[in-house]
Trainee: 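Take a look at this one; I'll ask things after.
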Number of protein chains: 2
Amino acid sequence: MRVRNLDVAREAGVSPTTVSLVLNDRTQVALAPETKRRVQEVAARMGYRPNLLARSLLSGRTQTLGVIIPSLSSSYVARIVEGMQEEAGDSNQQLLLTDTRHDPETEAAQMELLLRHSVDGVLIVTGESTLRSLPERLRVLREAGVPCVVIDDQSHAEQVDCVVSQDRIGAEMAVTHLIELGHRRIAHLSGGSGTSTARDRLSGYRRALKRASIPFQSEWVAGRSFSVAAAAQALEALVSLPKPPTAYFAANDRLWAEAIQALRPRSARLLRNAAVVGYANYDFSAYLGISSVDQSPQSLGKAALRRLLDRIETPSMPPQCLELPVNLVVRNSSKPVGSSAP
Amino acid sequence: MRVRNLDVAREAGVSPTTVSLVLNDRTQVALAPETKRRVQEVAARMGYRPNLLARSLLSGRTQTLGVIIPSLSSSYVARIVEGMQEEAGDSNQQLLLTDTRHDPETEAAQMELLLRHSVDGVLIVTGESTLRSLPERLRVLREAGVPCVVIDDQSHAEQVDCVVSQDRIGAEMAVTHLIELGHRRIAHLSGGSGTSTARDRLSGYRRALKRASIPFQSEWVAGRSFSVAAAAQALEALVSLPKPPTAYFAANDRLWAEAIQALRPRSARLLRNAAVVGYANYDFSAYLGISSVDQSPQSLGKAALRRLLDRIETPSMPPQCLELPVNLVVRNSSKPVGSSAP
DNA sequence: TTCCAATACTAAACCGATTTAGTAATGACG
DNA sequence: CGTCATTACTAAATCGGTTTAGTATTGGAA
C-alpha cells in the first residue's frame, strides 16, 4: 500500500541504504550525481513518504512534544498553546495535546501515555487543580529522563525549567495606574493563595499601595480561588463594605466578568461607577472595555517550547526560570476617582 | 536507560514472547498462573513502559489522530477540540494538533507531517481561508488511505464523512424569534458566501422571513466574509439605511462584537436600542448579554472523533453527513420592537 | 605491474515490540 | 510401550527505516 524505502530502492535499482543516504542528504558518503538525481526523481514520482515511526525507533527521537493543559476552555491557555504551535511549526516538531479537564488522575494517565509514545519532552501548563500533583508528575518525568518545562508556576524552579509572567510587576503596574487615577480605596479581587500567580498578584498589589503610602487593609482583599463561585461571593463582600472601594484590581478578567454576571442586581448597580483593572486581557476584555494586564500568552508558549528544545539538546544546563514582561492595556474601565460617567 | 521488554524478560527468567503475552493478556496461549504473576510483578517493579513506536511499526496502528484547525484563537474552535479531547481520552487515542494559522501552505506541510507520523486518521476543522485547498487535502488523504472527517463544511459530503450543525434551522430559529418579538425590519450581518455555514445561515434567515410573509430585501443583508473589517463596514452600511433595521441577526457573535467595537461612535449609538441575535454563543456573549444560537461545539468535536473511529474500524461504510441540532439562548439583546430600555 | 587511495555503492545489524510456528515435557489412552 | 493431545513456553521473523563496516571498481603513482 504505502511506498517504502525498499520500493523506491527496487524501482531505482539501488539499495535501501543508497535511498536513505540520498534522501537524508548524507554528504559524508560519496554518491554519483546521476544516482542521486534518479533516486530523488523515483521517490518523488512514487510519492514516497518516510515512516517516522521506524526512524524514531532507531534514533530514539520522535520530534514530538507532549503538551499538558488543564483545559482548552480558557482562551488564555488556548493562546499559550497557539504560541507553542507557532514555534513548533518552525522547528518541525509535532504537539501531542492532552487536556486533563482539571483532573489529576486524567493528568497522570495521559502523561503515562505520552511517555509510552516516546515524546521528546513535555510542556506542562499548570492549573489550580493540578498543582498539587505537579511534584509527582515531575518525579515521573525525571525518572523517565524526559525533559520538561513548566508554565505559570515557579514553585519548582530549582529542579525544572519554568516560564512565567512578571505577575508581581504586572499587578504593581495595574494598581499604580489606579492610584494615579486618584483612587485610594482600591480593592483586590484575588485568586486566593493556591497558585503562585495569585500570590504574586496580591504581592504586587501590596507593593503598589506601600509605594503610595496607602495602608494595606485586609478587608479590601477577597477571593479564595479562581472559581466563579468564590469570586462572586468575594465581590459581593467587597461591594458591601461600609465604605465601598472606588476601584478594583481583579486577579483575572474572566473572574471579574463572571462575578459581575453572578452578582445580585443591587450589587451590580453599585459597581457601575467603579474603576477596574483586570488581568489576562481576554478577547472579551476589549468588548467590555476592561483595562487589563496583558501577559501575551503566545510569547509564553513560544518561550516555553523554545526552552524545551534547548533543554533537549543540552540536558546538562542548569534549570532556569524565565519571567516574561507584561503590559497594561488601558480601556474605559480606567475611570478617574469620583467620575460618574458610564 | 528505559526498561524494555527484554529487560523484564531477563529479570523474570522468561522470554520476551512470554512477557508480551502476559502483559497483553493473550489468553489464547496457555500460561502458568505463577509465571503470569511473576512477570506482572517484575514489570511493575521495574517500571516497564511498552514502547508504542515499536508496537505501531508492527501493527500499522498508532492510536494517534491528526487534528487540523485554522487557529486556536477562536474559542469556538477551541471548544470543538475540547470535545475531541474528551472523546479521545475515553478511547485511548492521542491527538496531534496542528494549527494552520489560516494558511493553506502550512496546512499542506503539516498534513504531510501527520502522514509521516502515521496517524490513523485526520480530523479537519475547516476555516474560511483553507476551504479552497480542502479538495487537495482530501485527495492526498484518499491516496494515502487515511480516513478523515470534515467539520463545519459539507461541500464534499458524498466523498467524505462530515459533521456540521443545523445552521439553516438555527438561523431560522433566531430570526423567527426576532419576528415573534414584533420586529419586521430585520437585517442580517452575513459571513458572505465563501462558507457553507454562512450560506446556510442566510438561507435560514430568508426562510424565516418568508414564513412570516416579510418580503426579503437584499439591502438588509450585508457582509462578505467572517473578517472584522468586512463586518464593520457591513454593519455601518446597515445602520445607515434610510429606515434602519430594528433588529439584527448576526452570522457570528464575535463578528458582531468586533464590528460594534470598530464602528464610529455615532453608528454605535444608533445600535444601542436594536435587538440582536448572534451565532456561536461565545463565552463573552453571556457577558455582553447577546442572545445567540449555540451549536455546542464540544458535541461537534465528540461526534466527529466518534465517527472517525468508526470509519477506521469499518472503512467500507458509505460517507455520511451528521447534522447536529442547535439551540437558541435568549438574553438581554432579545429586545421587543419599539423598546427603549438599555 | 603492483599497490594504495579514492569512489560508489551495499550487506547486515539494529531499534523494541508482536506474532507465527514450533519445541520440549508431561500425561492419558489404547 | 508408543502415540497423540495438551500444556507451557520460546526462537526467529517481522515492521521500515538508519548506520556501520565493508566490498568492488577505477585511477594514479611508484
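Since the structure is predicted, the reported quantities are computational estimates derived from the model, not experimental observations. Quick note on labels: first sequence line is chain A, next is B, and so on, each numbered from 1.
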Trainee: Could you tell me whether the phosphate oxygens of C/dT10, OP1 or OP2, come under 4.0 Å of any side-chain nitrogen or oxygen in A/Thr18?
Mentor: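 Yes, A/Thr18 has a side-chain N/O under 4.0 Å of OP1/OP2 on C/dT10.
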Trainee: Take atom CZ of B/Arg61 and atom C1' of D/dC15, then tell me their distance rounded to the nearest Å.
Mentor: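 Computing the B/Arg61:CZ to D/dC15:C1' distance gives 15 Å.
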Trainee: Measure from the side-chain heavy atoms of A/Ala54 and tell me the nearest of C/dA11, D/dT18, D/dG17.
Mentor: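 For the A/Ala54 side chain, the nearest candidate turns out to be D/dG17.
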Trainee: At less than 4.0 Å, is any side-chain N or O atom of B/Asn51 found next to OP1 or OP2 of C/dC15? Yes or no.
Mentor: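 Indeed not, no polar side-chain atom of B/Asn51 lies that close.
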Trainee: Does D/dG16 have OP1 or OP2 sitting under 4.0 Å from an N or O in the side chain of A/Tyr48?
Mentor: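 Looking at the OP1 and OP2 atoms of D/dG16, neither is under 4.0 Å from any side-chain N or O of A/Tyr48.
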Trainee: Please report, rounded to the nearest Å, how far the P atom of D/dG16 is from the CZ atom of B/Arg55.
Mentor: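 Taking atom P of D/dG16 as the reference, CZ of B/Arg55 is at 17 Å.
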Trainee: Below 4.0 angstrom, N of the basic side chain to O of the carboxylate: do A/Asp120 and A/Arg311 qualify?
Mentor: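 So A/Asp120 does not pair with A/Arg311 through a salt bridge.
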Trainee: Quick one: which of D/dG17, C/dA17, C/dC15 gets closest to the side chain of A/Leu57?
Mentor: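 Selected nucleotide: C/dC15.
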Trainee: Distance check: side-chain N/O of A/Arg26 vs OP1/OP2 of D/dT19, anything under 4.0 Å?
Mentor: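 It does, given that an N or O in the side chain of A/Arg26 lies less than 4.0 Å from OP1 or OP2 of D/dT19.
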Trainee: Can you check whether A/Thr17 has a side-chain N or O nearer than 4.0 Å to OP1 or OP2 of C/dT10?
Mentor: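 The answer is no; no side-chain N or O of A/Thr17 sits under 4.0 Å from OP1 or OP2.
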Trainee: Tell me which one of B/Arg101, B/Arg132, B/Arg137 satisfies salt bridge (charged side-chain N to carboxylate O under 4.0 Å, His left out) with B/Glu107.
Mentor: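 That would be B/Arg137; it is the only one of B/Arg101, B/Arg132, B/Arg137 passing the salt bridge (charged side-chain N to carboxylate O under 4.0 Å, His left out) with B/Glu107.
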Trainee: Quick one: which of B/Leu141, B/Thr98, B/Leu308, B/Val149 gives a side-chain contact (heavy atoms from CB on, under 4.5 Å) with B/Val122?
Mentor: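 Answer to the side-chain contact (heavy atoms from CB on, under 4.5 Å) test with B/Val122 among B/Leu141, B/Thr98, B/Leu308, B/Val149: B/Leu141.
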Trainee: Does A/Val14 reach a base, just sugar-phosphate, or nothing at all? Heavy atoms under 4.0 Å.
Mentor: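 Touches sugar-phosphate only.
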Trainee: Between B/Glu34 and B/Arg37, does at least one N-O distance fall below 4.0 Å, as a salt bridge requires?
Mentor: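 Here B/Glu34 pairs with B/Arg37 in a salt bridge, since their nearest N and O are under 4.0 Å apart.
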Trainee: Looking for any heavy atom pair under 4.0 Å, which part of the strands does A/Thr35 touch: base, sugar-phosphate only, or nothing?
Mentor: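 Sugar-phosphate contact only.
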Trainee: Could you tell me how far apart A/Leu23 (CG) and C/dC9 (C1') are, to the nearest whole angstrom?
Mentor: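 The distance from CG of A/Leu23 to C1' of C/dC9 comes to 15 Å, rounded to the nearest Å.
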Trainee: I need the CZ-P distance between B/Arg10 and C/dA17, as an integer number of Å.
Mentor: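 After rounding, the reported distance stands at 12 Å.
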Trainee: Tell me whether the count of non-hydrogen atoms from other residues, nucleotides or ligands lying under 6.0 Å of CD in B/Glu313 goes above 12.
Mentor: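 It does not: B/Glu313 CD has 12 such atoms or fewer within range.
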Trainee: Given atom CG of A/Leu31 and atom C1' of C/dA6, what is their separation to the nearest angstrom?
Mentor: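 Between C1' of C/dA6 and CG of A/Leu31: 14 Å.
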Trainee: Among D/dT18, C/dT10, D/dG17, which nucleotide has an atom closest to any side-chain atom of A/Asn24?
Mentor: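 Out of D/dT18, C/dT10, D/dG17, the nucleotide with an atom closest to A/Asn24's side chain is D/dT18.
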Trainee: Tell me: CG of B/Leu21 to P of C/dA21, nearest whole Å?
Mentor: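 My rounded result for the distance is 15 Å.
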Trainee: Grab the CG-C1' distance between B/Leu53 and D/dG16 for me, whole Å please.
Mentor: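 Computing the B/Leu53:CG to D/dG16:C1' distance gives 12 Å.
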Trainee: Atom CG of A/Leu58 and atom P of D/dC15: how far apart are they, to the nearest Å?
Mentor: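 Distance check: A/Leu58 CG to D/dC15 P gives 16 Å.
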